[in-house]
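Accompanying notes for the structure given below.
Naming: A, B, ... by sequence-line order, numbering from 1 per chain.
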4 protein chains.
Amino acid sequence: MAVADHISAAVDTGKLRPGSRLPPERELAESYGVSYMTVRRAMKELRERGVVVSVHGKGTFIAEPSGD
Amino acid sequence: MAVADHISAAVDTGKLRPGSRLPPERELAESYGVSYMTVRRAMKELRERGVVVSVHGKGTFIAEPSGD
Amino acid sequence: MAVADHISAAVDTGKLRPGSRLPPERELAESYGVSYMTVRRAMKELRERGVVVSVHGKGTFIAEPSGD
Amino acid sequence: MAVADHISAAVDTGKLRPGSRLPPERELAESYGVSYMTVRRAMKELRERGVVVSVHGKGTFIAEPSGD
DNA sequence: GTGGTCTAGACCACA
DNA sequence: GTGGTCTAGACCACG
């Protein structure tokens with residue numbers, strides 16, 4: 001999944017650091033040139049992978065590394 | 001409530017006809033110069049008055065007159 | 001709705017008695033760990049259910065049972 | 001009026017510049033050690049004097065000098 | 001890509 | 001010093 005992989009890679013390479021907030025989902029949709037639904041699916045996948053944590057009404061944040 | 005009354009008046013004068021779809025709530029917010037939440041309240045009021053019907057994921061439509 | 005249900009239950013079990021005043025909405029927001037607007041919605045719901053009565057400038061009170 | 005005069009003086013001496021936002025009214029009440037109502041009265045006076053402009057939901061701002 | 005719920009916090013109306 | 005309305009903008013649920 002392009003969006004999820006792109007963000008995941010940015011986390012791996014340190015471009016996105018734990019605790020930092022991602023751009024809003026609607027903005028991501030626009031900047032990636034994909035639909036909002038596609039971004040939502042990508043975020044869901046990243047949450048399930050433990051890469052990000054979403055907080056309703058606040059934003060989506062890069063997760064703290066658990067114990068990897 | 002300015003937004004609700006304005007839309008209600010447009011329905012009364014026939015500018016908005018039963019079955020027609022309103023612009024998206026976010027667009028209404030921008031065009032009326034109010035915040036999204038204010039539009040949400042206005043839509044809620046119009047729904048309770050029976051002026052419009054909202055369909056999740058599809059849009060908000062001018063209601064058919066009930067028993068006029 | 002968590003806040004509304006919690007208060008409603010406290011009324012049902014007699015922990016909150018008719019006529020008693022709820023804590024201020026801002027305090028409820030803090031103690032429930034939700035935003036002020038969420039408490040406002042909950043209070044609106046409770047008012048519509050007839051569980052509480054709000055008096056502008058004075059507070060929100062547990063309603064007297066109507067015809068129980 | 002102590003609060004109004006204090007803020008007005010801060011504007012005159014340039015400590016508060018046109019366009020800058022005042023602290024929230026509740027915060028002003030606390031920092032001046034007065035009641036919220038007292039701050040509201042002070043703000044009203046400052047608005048009438050043309051010293052500040054309040055915007056609902058956004059804040060209270062030091063007014064631009066008109067044509068003095 | 002819409003409507004729906006939420007965070008966070010501002011000023012307003014009232015007694 | 002309370003309840004009430006608003007700004008600004010986030011994520012969520014649904015087709």
- Message: For a quick test of reading the model, state the closest non-hydrogen atom pair linking B:Arg21 to B:Gly59 and the distance between them.
- Response: CD-CA, 4.2 Å

- Note on the structure: Of B:Val55 and A:Glu25, the one whose closest nucleotide on DNA chain F sits nearer the 5' end is A:Glu25

- Item | Protein-nucleotide distance (C:Leu28, atom CG; F:dG4, atom P), rounded to Å | 12 Å

- Pairing nucleotide - E:dG9, Watson-Crick or G-U, each distance under 3.5 Å: F:dC6

- Name of the residue among C:Glu25, C:Arg47, C:Lys44 meeting side-chain hydrogen bond (donor to acceptor under 3.5 Å, both in side chains) with C:Ser54: C:Arg47

- Item | Polar side-chain contact D:Tyr36-E:dC11 base: donor and acceptor under 3.5 Å | no

- Whole-Å distance separating the CE atom of A:Met43 from the P atom of F:dC12: 10 Å

- Item | Closest heavy-atom pair and its distance - D:Pro18, D:Glu64 | CB-OE1, 3.5 Å

- Query: For DNA chain F, whose closest nucleotide is more 5', that of D:Arg40 or that of D:Gly57?
  - Reply: D:Arg40

- Query: Please give, in whole Å, the distance from F:dT7 C1' to B:Tyr32 OH?
  - Reply: 18 Å

- Task: Could you say whether D:Met37 or D:Lys58 is positioned toward the 5' end of DNA chain E, judged by the nucleotide with the nearest heavy atom to each?
- Result: D:Lys58

- Output yes if the stacking criterion (under 5.5 Å between centres, under 30° between planes) is met for B:His56 over the base of F:dA13, else no. yes

- Item | F:dC14 - base-pair partner by Watson-Crick or wobble geometry, distances under 3.5 Å | E:dG1

- Query: Which heavy-atom pair separates A:Leu46 from A:Ser8 by the least distance, and what is that distance?
  - Reply: CD2-CB, 4.2 Å

- Decide yes or no, distance alone: a donor-acceptor N/O pair under 3.5 angstrom between the base of E:dG4 and the side-chain of B:Arg26. yes

- Message: Mind checking if D:Ser35 touches a base, just sugar-phosphate, or nothing, with heavy atoms under 4.0 Å?
- Response: nothing

